[in-house]
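One structure below.
By convention in this document, chain letters (A, B, ...) are assigned in the order of the sequence lines, proteins followed by strands, and residues within each chain are numbered from 1.
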There are 2 protein chains.
Amino acid sequence: METLSQSRAYEGIQGVYRHHSAVTGTDMTFSVYVPPHAPGARLPVLWYLSGLTCTHANVTDKGEYRRACAEHGIVFVAPDTSPRGPGVPDDESWDFGQGAGFYVDATIEPWAVNFRMRSYIEDELPALIASEFPMADLTRQGISGHSMGGHGALTIALRNPGRFKSVSAFAPIVSPLSCPWGEKALSGYLGPDRAAWRAYDACALIKDGGRLDAILIDQGTDDGFVHEQLKPELLKDACDEAGISLTLRMQPGYDHSYNFISTFMSDHVAWAAERL
Amino acid sequence: METLSQSRAYEGIQGVYRHHSAVTGTDMTFSVYVPPHAPGARLPVLWYLSGLTCTHANVTDKGEYRRACAEHGIVFVAPDTSPRGPGVPDDESWDFGQGAGFYVDATIEPWAVNFRMRSYIEDELPALIASEFPMADLTRQGISGHSMGGHGALTIALRNPGRFKSVSAFAPIVSPLSCPWGEKALSGYLGPDRAAWRAYDACALIKDGGRLDAILIDQGTDDGFVHEQLKPELLKDACDEAGISLTLRMQPGYDHSYNFISTFMSDHVAWAAERL
């Protein structure tokens, strides 16, 4: 692992790192904020998965998580959203290919070689964090994310019961089976068999028996994607039916941007802190 | 004035605007955050001047001022650092020309036509803010800034006694007469007569009789520019001699980046709120 930058922030260290991923076959960049802590202390970890077009940098620059993470003593990890680079397949649209990995392990060529963000986020990067950040206590993990990253957070938590003691999301895609972004991405990465998509659909995972203790979701009412793409009501229905405690906060006047995310970030960090 | 974007943040509105500046002869872009407030309320204004290479966007994205401004009810205005555009003179270096206006009214061609950031910030933009943002109470103004923008904040406040009830800066250039960035900029924009530079040098302005009630400065000890360019000790000496109350906080381990600025931003907003 290579350190690209480290900078003091809120008495902790905001770092950006790069490593070669065996899973994606590419170099991957991610950021980690380590809050101030006593020598030898072990700290819970909050994962934040970003949305379409984003890299680690969007939330690192604009997410305003450091104050809350410093206060609660939480390590904050922000991965990239896809493999990237000249040898990696891409698509000319912004909602497929590089920057739009959708947290799946692709099975369709040419994507299947590199686009393995599920395994990267579930397996490879946690192992790297555990080995390179000895203060990170991976027995206490939370996960959150925005939009496509909210989809990632929900589906990864549902597929790995017990791993994440805290789950939340900002304006997540709750059902790729039921929206244009999801249809495009999952058909492209996984092929036409919609049964194979269910492992990557939070609502379907819940219908198929997936359970979480509690979920916090913030969703702006002025988010231009809410009706066509995000559809929080589908998750509400699924959670109601399954008896999952969903705190769905419709935030009046907020949009899909980091102005929305940063406003409620400290609530999500606090939500994680209570559970970690 | 044209609205480029408006987005809800911390219950207020973060906007980005553009207008044609008669002073610079160019379109100028700036951001304004208006915190939540009662209808008809009038709110104090905090100006934030950015550093070399920056536009309004750097602090707007990374400054983490909205939470504190919402809490204290302060309007936050972030201008650009120079005129820009295809017809505007430029220089290939990053510390002169576009992105490096140094808050002067240039007198040397070809810069004198457009590079009039002093008049733009002191006169034209405040008048625009007053007319377009009726909640902005310009009888209660504070000013702050970073690096070159800290220089701008200090010198503009010193040249306009009584206008700013609060003055602070992050890692400011305190004496362009005494550092390479300043020598390059002021000789380029104003010519070789160093007497003409004194109106753009905080330490010289204080030696020449300029006074402020109090100044807050945060300076990171790991800032790579502190010894050669920023030299806070020169301002300390000038303030000591003039009897100006300077709170100079050397912040251990912090650098020159927005990780430093954002960490202490809420202190600067609170400093302004106490005085406004």
Checklist line | Short side-chain to backbone donor-acceptor contact, A:Y10 and B:S262, under 3.5 Å | finding: yes
Notebook entry, point to check: Who pairs with A:Q6 by side-chain hydrogen bond (donor to acceptor under 3.5 Å, both in side chains), at least two apart in sequence or on another chain?
Noted result: A:Y17
Item checked: Sorted by number, residues from residues 57-72 of chain B in contact with chain A (heavy atoms, under 4.5 Å) -> B:D61, B:K62, B:E64, B:R66, B:R67
Next item on the list: Between chain A and each of B:E11, B:R8, B:Q14, count heavy-atom pairs under 4.5 Å; write down the option with the most.
Entry: B:R8
Check: Near B:K236 NZ, under 6.0 Å, is it more than 12 heavy atoms from other residues, nucleotides or ligands?
Finding: no
Check: So which residues of residues 93-101 of chain B are in contact with chain A at a heavy-atom cut-off of under 4.5 Å?
Finding: none
Notebook entry, point to check: Of all the residues in residues 245-261 of chain B, which have a heavy atom that comes within less than 4.5 Å of a heavy atom in chain A?
Noted result: B:P252, B:G253, B:Y254, B:D255, B:S257, B:N259, B:F260
